[in-house]
Amino acid sequence: MSKRKGRRKGFTPRSEDFSAWYNEVVQQAELADYSPVRGSMVIRPWGYGIWENMQRALDDMFKATGHQNAYFPLLIPMSFIEREKEHVAGFKPELAVVTHAGGKKLEEPYVVRPTSETIIYAMYAKWVQSYRDLPILLNQWCNVMRWELRTRLFLRTAEFLWQEGHTAHASADEAEAEARTILAVYRTFMEDWIAMPPVTGLKSESERFAGAVRSYACEALMQDGKALQAGTSHMLGQNFARQFGLTFQSEEGREEYAWNTSWGVSTRLVGGMVMTHGDDGGVVVPPRLAPTQVMVVPIARNDDQQAMLVEKAAAIVAELEQRGVRAAMDDRMHLSPGARFFDWERKGLPVRVEIGPRDVDREEVVVVPRVAAEGGPRKEALPEGQAVAEMADRLEELQTRLCETARARREADTHRGEVSSIDELGELLDSGVGFVYSGWSGDPSVEARVKDATRATIRVIPGEEFRSATPPTRCVGGGRAQMEVVWARAY
RNA sequence: CGGGGCGUGGCGCAGCCCGGUAGCGCGCCUGCUUUGGGAGCAGGAGGUCGCCGGUUCGAAUCCGGCCGCCCCGACCA
């Protein structure tokens with residue numbers, strides 16, 4: 001059997017080639033496919049359904065924290081992007097520019113938004129007169145384009161979907177609080193919905209968003225030991241306000257620049273989900289994100305039974321739906337049961353319910369979670385009523401278990417303690433450690449040296465709840481540490 | 001942007017060195033038999049061999065050019 005042929009019914013094991021595994025799994029689980037345009041992808045219904053569930057959950061959280069949705073245009077005048085010096089330097093290399101429209105060359109080119117700070121703060125400037133008009137707390141769900149040279153499905157594509165929040169405040173303190181509130185929202189969302197517990201904190205200077213004063217981030221650790229920046233929240237200070245004339249009259253009657261924040265998460269989260277939970281059998285979708293949580297698979301021996309079993313399965317689906325479980329039936333009876341089982345396993349569907357003649361006789365069903373509990377049964381025959389009644393709890397149990405497993409793996413792949421040289425840091429990373437905590441003097445040249453020597457960067461200066469009980473005293477580059485940082489190789 | 005690889009039915013590939021009527025597996029369609037972990041048999045549909053040019057009686061195959069995509073390294077949600 002050739003290697004290729006051997007792969008037809010299975011994936012390259014993660015241990016052999018994680019990146020090949022990822023590419024195969026994403027395509028074969030029908031999450032996404034390559035489009036005819038280089039670097040851009042088609043998100044297929046199963047993948048888009050996951051994104052929709054992420055959107056819904058996040059959107060609710062944004063609304064609960066006082067935000068509203070709005071929509072700003074795709075095209076931004078080139079001059080807007082160029083207004084903030086650091087911002088343009090950061091984004092210029094990856095801009096897609098529209099130079100012609102309506103059969104004529106445009107007087108001023110438009111850029112396809114790589115992010116919308118400039119257009120949004122230009123609009124805010126129009127809308128804000130006094131402190132009474134603040135804060136403005138808006139979010140938009142949209143696509144953006146960054147002309148990437150090196151692309152990967154979900155993780156880095158030329159066009160991607162995201163949400164970008166943009167706020168304006170009357171004081172620095174309020175803006176700072178907003179940036180931190182959103183960071184907490186992201187963290188909670190990642191833990192509770194994606195079951196992907198990140199480490200959160202502040203970005204170092206070199207990793208700061210172009211145009212921000214401070215960037216906060218959620219960094220998640222993937223199964224291959226690489227970090228994924230999963231969400232960012234920026235305190236923009238008055239940088240954009242100055243460039244776009246976003247001023248307001250304060251309570252004391254003075255004209256002041258507003259304070260801004262911006263924050264976003266993208267379809268990259270779908271890639272993070274895959275790399276956090278996936279196994280050699282395919283994708284694993286946490287129940288809360290699964291477009292369909294339970295698939296009922298009827299198994300028949302002949303045509304008479306087939307009608308009866310399909311009817312029975314449909315009844316179970318209806319009962320599950322009544323209890324708020326997203327259930328469906330796979331009645332593709334031209335496929336063998338095994339083929340249907342594998343199909344949903346590959347896609348990561350959380351729980352399968354099998355029902356055949358034997359089960360009907362016993363008034364039972366067979367319940368099969370995508371990931372079995374440690375030491376638990378892979379398949380379990382349960383009285384039908386019990387299976388239906390317990391399903392929601394079982395899904396929640398799986399949800400929780402996935403998060404615990406991911407957290408335990410993150411901790412197992414984390415090294416804490418004194419790291420006294422760059423060589424030692426490199427050895428730790430080479431030995432399979434993902435996150436390495438160490439002391440840092442705060443000197444950017446140390447960061448540059450580490451990157452040169454080990455390809456690792458400071459992912460985050462961890463927030464209080466992530467810091468080591470005993471803070472490191474020495475900087476990896478030598479000398480005294482001013483703070484603790486988390487190093488990793490990153491996506 | 002540098003390095004490598006690949007373009008042949010929907011997908012994965014062989015054929016190319018050595019030019020001579022385009023093939024295999026999977027998938028798809030029809031029928032029958034099947035169905036508790038990737039069903040079997042029989043019949044069938046489907047391809048201007050990435051594009052342009054050249055050599056030749058004849059090009060998937062040789063030569064030149066172009067395009068596209070994927071993978072690996074420097075920048076990035």
Side-chain angles (χ1 to χ4, degrees), chain A residues 1-10 17 19-20 22-24 27-28 33-40 89-95 114-115 143-164 186 203 206-210 215 217-220 227-234 262-272 281-282 297-303 305-306 309-310 331-346 352-361 364-366 368 378-379 381 451-452 455 457 490-491:
Chain A
M1 194 187 266
S2 76
K3 197 174 178 185
R4 302 268 183 203
K5 196 176 175 190
R7 279 181 189 176
R8 189 173 51 79
K9 285 185 178 172
D17 185 343
S19 133
Y22 178 83
N23 290 331
E24 291 170 19
Q27 282 181 88
Q28 291 191 40
D33 202 353
Y34 293 101
S35 86
V37 176
R38 178 199 159 82
S40 62
F91 282 106
K92 197 92 188 226
E94 46 192 29
L95 294 180
T115 179
N143 57 342
V144 288
M145 180 162 277
R146 299 179 186 178
W147 209 255
E148 299 288 351
L149 299 168
R150 183 113 162 67
T151 63
R152 294 196 72 192
L153 293 175
F154 288 114
L155 301 177
R156 187 179 299 105
T157 48
E159 180 187 0
F160 56 92
L161 304 183
W162 77 344
Q163 59 65 214
E164 48 179 326
Y186 284 162
K203 281 292 189 184
S206 68
E207 297 270 324
R208 206 188 57 215
F209 174 74
S215 288
C218 295
E219 292 284 327
L228 183 76
Q229 179 170 301
T232 48
S233 180
H234 314 289
S262 71
W263 27 275
V265 297
S266 72
T267 37
R268 172 178 256 200
L269 290 173
V270 177
V297 181
I299 300 159
R301 288 238 167 73
N302 55 50
D303 286 353
Q305 279 182 352
Q306 191 166 311
L309 281 158
V310 166
D331 60 352
R332 295 176 297 175
M333 303 307 280
H334 61 282
L335 293 180
S336 73
R340 284 176 281 166
F341 299 166
F342 278 108
D343 190 32
W344 292 109
E345 274 169 28
R346 188 165 49 225
R352 176 175 77 238
V353 170
E354 304 173 10
I355 179 155
R358 201 166 67 205
D359 307 306
V360 173
D361 290 345
E364 284 181 347
V365 294
V366 173
V368 190
R378 199 170 71 87
K379 294 192 177 195
K451 189 171 182 181
D452 263 7
R455 287 175 17 245
T457 49
Y491 273 95

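Just so we're on the same page: letters track the sequence lines, and every chain starts at 1.
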Scan Arg332(A) against the nucleic acid and name what it touches under 4.0 Å (heavy atoms): base, sugar-phosphate only, or nothing.
-> nothing
Determine the interatomic distance between C1' on rU55(B) and the same-named atom on rC62(B); round to the nearest Å.
-> 8 Å
Side-chain (Glu207(A)) to main-chain (Lys203(A)) donor-acceptor, under 3.5 angstrom | no
Nearest-Å distance, CH2 (Trp147(A)) to P (rC1(B))?
-> 13 Å
With 3.5 Å as the limit, what N/O pairs link the protein to nucleotides 75-77 of chain B?
residue : atom : partner   : partner atom : Å
rC76(B) : O2'  : Glu148(A) : OE2          : 3.4
rC76(B) : O2   : Arg156(A) : NE           : 2.3
rC76(B) : O2   : Arg156(A) : NH2          : 3.2
rC76(B) : N3   : Arg156(A) : NE           : 3.1
rC76(B) : N3   : Arg156(A) : NH2          : 2.5
rA77(B) : O3'  : Gln229(A) : NE2          : 2.2
rA77(B) : O2'  : Gln229(A) : O            : 3.4
rA77(B) : N6   : Thr157(A) : N            : 2.8
rA77(B) : N6   : Thr157(A) : O            : 2.9
rA77(B) : N3   : Ser266(A) : OG           : 2.8

At under 4.0 Å between heavy atoms, what does Val366(A) touch on the DNA or RNA strands: base, sugar-phosphate, or nothing?
-> base
Separation between the P atoms of rG23(B) and rC18(B), rounded to whole Å | 24 Å
State whether the side chain of Arg268(A) and the backbone N or O of Gln229(A) hold a donor-acceptor pair below 3.5 Å, judged by distance alone.
-> yes
Among the candidates rC71(B), rG37(B), rA74(B), find the nucleotide nearest to the side-chain atoms of Asn23(A).
-> rC71(B)
To the nearest angstrom, the NZ-P distance between Lys379(A) and rG36(B) comes to 10 Å
Under-4.0 Å side-chain N/O to phosphate OP1/OP2 contact, Thr151(A) with rC71(B) = no
Fill in the dot-bracket string of RNA chain B, one character per base: . for unpaired, | for a pair to another strand, ( ) or [ ] for pairs within the strand, taking Watson-Crick or G-U pairs under 3.5 Å.
-> ((((((((.[[[[.)....(..]]]].((((((.....)))))).....[[[[[..)....]]]]])))))))....
Picking from rU35(B), rG37(B), rA74(B), the nucleotide nearest the side-chain atoms of Arg455(A) would be rA74(B)
Record whether the side chain of Arg340(A) comes under 3.5 Å of the base of rG36(B) through a donor-acceptor pair of N or O atoms.
-> no
Describe the nucleic acid contact of Gln306(A) in one word from base, sugar-phosphate, nothing, applying a heavy-atom distance below 4.0 Å.
-> base
How long is the line joining NE2 of His334(A) and C1' of rU35(B), in whole Å?
-> 12 Å
With distance as the sole test, does Ser40(A) use its side chain to make a donor-acceptor pair with the main-chain N or O of Glu159(A) at under 3.5 Å?
-> no
When you compare rC51(B) with rU61(B), how far apart are their P atoms, in angstrom units rounded to a whole number?
-> 11 Å
Taking for each residue the nucleotide of RNA chain B with the nearest heavy atom, is it Ser35(A) or Val360(A) whose nucleotide lies nearer the 5' end?
-> Val360(A)
Between Asn302(A) (CG) and rU34(B) (P), how many Å, whole number?
-> 9 Å
Whole-Å C1' distance, rC28(B) and rG47(B) | 15 Å
Tyr34(A) side chain: which of rC1(B), rU35(B), rC71(B) is closest?
-> rC71(B)
Between Arg332(A) and Arg340(A), is there a donor-acceptor pair closer than 3.5 Å when you use the side chain of the first and the backbone of the second?
-> no
Verify, without hydrogens or angle tests, whether Arg152(A) (side chain) and Asn23(A) (backbone) share a donor-acceptor contact under 3.5 angstrom.
-> no
Given Thr157(A) and Glu148(A), is the side-chain contact (heavy atoms from CB on, under 4.5 Å) satisfied, shown in steps?
-> CA-CA 7 Å; Thr157(A) 48; Glu148(A) 299 288 351; over 6 Å; no
Closest approach of Leu95(A) and Pro114(A), non-hydrogen atoms and distance?
-> CD2-CG, 3.4 Å
Quantified in whole Å, what is the P atom distance between nucleotide rU8(B) and nucleotide rU48(B)?
-> 13 Å
Tell me: CG of Asp303(A) to C1' of rG31(B), nearest whole Å?
-> 14 Å
Interatomic distance at C1', rG53(B) relative to rA59(B), whole Å = 13 Å
Electrostatic pair Arg346(A):Glu24(A) at N-O distance under 4.0 angstrom = no
What integer number of Å spans the P atoms of rC16(B) and rU21(B)?
-> 13 Å
Could you tell me whether Arg378(A) contacts a base, only the sugar-phosphate backbone, or nothing, with contacts defined as non-hydrogen atoms closer than 4.0 Å?
-> base
d(CG, Leu335(A); P, rG37(B)) in whole Å | 15 Å
Given atom CZ of Arg301(A) and atom P of rG36(B), what is their separation to the nearest angstrom?
-> 8 Å
With P as the reference atom in both, quote the distance from rG20(B) to rC63(B) in angstrom, rounded to an integer.
-> 15 Å
Between Trp263(A) and Tyr186(A), how do the two ring planes meet: parallel, tilted or perpendicular, split at 30° and 60°?
-> perpendicular
Are a donor atom and an acceptor atom from the side chains of Ser215(A) and Thr232(A) found within less than 3.5 Å of each other?
-> no
Quick one: is the NZ or CZ of Arg352(A) closer than 6.0 Å to the six-membered ring centre of Phe341(A), and within 45° of its axis?
-> yes
To the nearest angstrom, the CG-C1' distance between Leu149(A) and rA74(B) comes to 10 Å
